[in-house]
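Take a look at the structure set out below.
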Amino acid sequence: MTIDEQLEQLNRGAAEIVTEQELAGRLALGRQLRVKLGLDPTSPDIHLGHTVVLRKLRQFQDMGHKAVLIIGDYTAMIGDPTGQNTTRPMLSAEQIQANARTYFQQAGKILDTSPQRLEVLYNSQWLSKLTFADVIMLTSQMTVARMLERDTFEQRYKRGEPIGIHEFLYPLMQGYDSVVIKADVELGGTDQTFNILVGRKLQQDAGLEPQVVLTMPILVGLDGKEKMSKSKGNYVAINDSPNQMFGKLMSISDQMMVDYFTLLTDLPRERIAELTDPDKTHPKQAKVLLARTIVAQFYGQKEAEEAALRFDRVFAQRQLPDQMPDVVISDQPLMAAKLVHACGLVGSVSEAKRMILQGGVMIDGARLDDPNQQIRPGDGMVLQVGRRRFARIRIASPGKG
RNA sequence: GGGUCGGUGCCCGAGCGGACAAAGGGGGCGGGCUGUAAACCCGCUGGCUUGCGCCUUCGGUGGUUCGAAUCCACCCCGGCCCA
C-alpha cells in the first residue's frame, strides 16, 4: 500500500486529522507507529459508539502499527465527584481491574490482540509516581484561559454549573500519558480533541515530536438525536444478543443509515451512496443489510441471518418468535393483570392493568380488554405484551415446589 | 467568612398551608399509521386493592397545625455576588 492509499483509508470516516501532512510524514518513516487510545474503565459495557474509534485503531494495526491502549485506572480511582448529594463511591482497584478485563475482552472483538500489535498499559503506573511538585510543573504548562476554551468547560461555566478544579487536571493527565508512552498518533472521538491537543503541547514541551491527532465523529444514538451512550439508553451494546442488536439497528431512521454504514462497516463510499439512495435501494432493504453486516461482525454470518429471519417473522409478519422464555406457574385461575405480572412481562400489577386497558396484551393471539377477568393458565399458553415481550406459560406439576 | 437564590416524580420544571400522586414539557411505554422504522395522531406514565379505599414520594432530621411539597428550627448539598 502506498502512503497515499494508507492516508485515504485512514481518512475514511475521520472527523479531523491534525495534521494530515504530519501523518503522512509519520507513515513515511516506515517504522511501526505507536497509536494511542485512552479507555475509561468506569463503564464496562462497550457499545457501538466506542467501536467507531476502535475500528479505526484496528485499521492502523492492519497496516502494521501498534495499538497502545491506556487504561485510565488512575483517573478512575480519583473518582468523579460531580454527583451532588451522594458522593459517588470511588472505584476500588479490584473493580477497575475487573472492568478493564471485561472491557479488554469486548474490545478484543474488534482489535488484533496479538502482542506485536497491541500493548495495554495502566496510567497509574506513571501517574501515581508523580510528586506534588511534578504536578505543579505540569499545571504550569497550561493556562486557565486555555482550559476554559474547551467547549464543555465554557458551556458549563456560562450556565453556572460547577467545574471542579480536578477536572482541569484530566486533560493534563491524559496529555502526560502521551509524553510517557511516546505516542505517534492519538485517536479519540471529536469530544476528545481538546485533551489530545493538550498531549501535543506537553510532548512539545518535553522535546518530543508532537503526536498526530485523529478524531472520529461521535456516533449518534438510536434516537437520532443524542450521542450514543449507556445512560441515554440509546445504545447497542457489543454484548447485546444478535436479536437485540438487529432489532435496535432496524429502529434507526433512514437518514441515519449513511453515518452508520460509514462508521460501523467497511463498505466503500460508492457502495454506501448506492445503498442510501432511495431511488437505487429500498431503504428497508438497505437497513436490513446494515443490521446484518453489523451483527455478523460480532456473531458471524449465520447468526446474523437468523436474527434477520426472526425479525421478519415477529415484526413484519407479526408472528410469534420461534423461541421465548418459559414461565412456570400453577394453574390456579387468577386475574388477567396479575397473570401478566406473574409472567414477569411488566414491573407491577398496575402497569399490567394499564397495558391491558390500552390493548397491548394478547393471550394466544387474542387481545385482552378486561384486566379483572379471571384466567386459568394453561400449559403452552403464550402471553404477549406490546410488540416484543413474550412469555410461554408452563404449568408446574403438582407436588413440585 | 458574609450576602443571596436554590435542592420537587426517570430528566427538566410549575406549585409555596387543604381540591397534590403533585401543572407543563422531555423521555419511556401502549395503540393507530407504515417499509420494521422515522415523522405524525391518540392514550398511559408511584405502588397495593375486584372495589370503597389504603400506603410511599417533593434534599435530611425534628417541630407548628385538624391538615405541610408548601410554615419554623437545625443540618447537608449546589449556583451567584462580595471579601
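Naming convention: chains lettered A, B, ... in sequence-line order (proteins, then strands); numbering from 1 in each chain.
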statement: By nearest-heavy-atom nucleotide on RNA chain B, the more 5' of A/R389 and A/G247 is A/R389
query: Between B/rG35 atom P and A/R387 atom CZ, what is the distance in whole Å?
result: 12 Å
- request: May I ask you to verify if any side-chain N or O of A/S350 is less than 4.0 angstrom from the OP1 or OP2 atom of B/rC48?
  value: yes
query: Is there a donor-acceptor pair closer than 3.5 Å between any side-chain N or O of A/Q203 and the backbone N or O of A/Q211?
result: yes
field: Atom pair distance, as rounded to whole Å: CE in A/M355 and P in B/rU45
entry: 11 Å
- prompt: Base, sugar-phosphate, or nothing: which does A/K353 touch, judged by heavy atoms less than 4.0 Å apart?
  reply: base
field: Between B/rU70 and B/rU8 - C1' atom distance, rounded Å
entry: 11 Å
statement: To the nearest angstrom, the CD-C1' distance between A/Q358 and B/rC29 comes to 8 Å
task: Would you mind classifying the nucleic acid contact of A/V361 as base, sugar-phosphate or nothing, using non-hydrogen atoms under 4.0 angstrom?
output: nothing
N/O (side chain, A/K248) to phosphate O (OP1/OP2, B/rA37) under 4.0 Å: no
statement: Ranking B/rG35, B/rU49, B/rG32 by distance to the side chain of A/K338, first place goes to B/rU49
message: Once you apply a heavy-atom cut-off of 4.0 Å, does A/M335 come out as touching a base, just sugar-phosphate, or nothing?
response: sugar-phosphate
message: Using Watson-Crick or G-U wobble geometry with both distances under 3.5 Å, which nucleotide pairs with B/rC80?
response: B/rG3
message: Taking any heavy-atom pair under 4.0 Å as a contact, classify A/M250: base, sugar-phosphate, or nothing.
response: base
- request: May I ask you to decide whether A/E119 forms a salt bridge with A/K36, counting only side-chain N to carboxylate O separations under 4.0 Å?
  value: no
task: Using a 4.0 Å heavy-atom cut-off across all strands, classify A/D254 as base, sugar-phosphate, or nothing.
output: base
message: Please determine whether a side-chain nitrogen or oxygen atom of A/K287 lies at a distance below 4.0 Å from atom OP1 or OP2 of B/rA37.
response: no
- prompt: Looking at A/R310 and A/E306, does any basic side-chain N land under 4.0 Å from a carboxylate oxygen?
  reply: no
- line: Between A/Q255 and A/R318, the residue closer to the 5' end of RNA chain B by nearest nucleotide is A/R318
task: Would you mind checking if A/R271 and A/E274 are paired as a salt bridge, meaning a charged N to carboxylate O distance below 4.0 Å?
output: yes
- request: Tell me whether the OP1 or OP2 atom of B/rG46 has a side-chain N or O from A/S348 closer than 4.0 Å.
  value: no
field: Rounded interatomic separation in angstrom, taking CG from A/D259 and P from B/rA38
entry: 18 Å
query: Starting at CG of A/N234 and ending at C1' of B/rC11, how long is that distance when rounded to a whole Å?
result: 14 Å
statement: A/D370 atom CG is separated from B/rG51 atom C1', nearest whole Å, by 13 Å
task: Please report, rounded to the nearest Å, how far the C1' atom of B/rA21 is from the CZ atom of A/R354.
output: 12 Å
field: Nearest-Å distance for atom pair CD/P, residues A/Q384 and B/rG30
entry: 10 Å
query: Paired with B/rA69: which nucleotide, if any, by Watson-Crick or G-U wobble criteria at under 3.5 Å for both distances?
result: none
query: Is any side-chain N of the basic residue among A/R200 and A/E22 closer than 4.0 Å to the acidic one's carboxylate O?
result: yes
task: Searching all strands shown, indicate the nucleotide that pairs with B/rU45 (Watson-Crick or G-U wobble; both distances under 3.5 Å).
output: B/rG27
field: Residue list, side chain to side chain donor-acceptor pair (under 3.5 Å) with A/K353, at least two apart or on another chain
entry: none
message: Taking the P atom in each of B/rG17 and B/rC12, what is the distance between them to the nearest angstrom?
response: 25 Å
task: Tell me the partner of B/rC74, counting only Watson-Crick (N1-N3 plus N6-O4 or O6-N4) or G-U wobble (N1-O2 and O6-N3) with both under 3.5 Å; none if nothing fits.
output: B/rG60
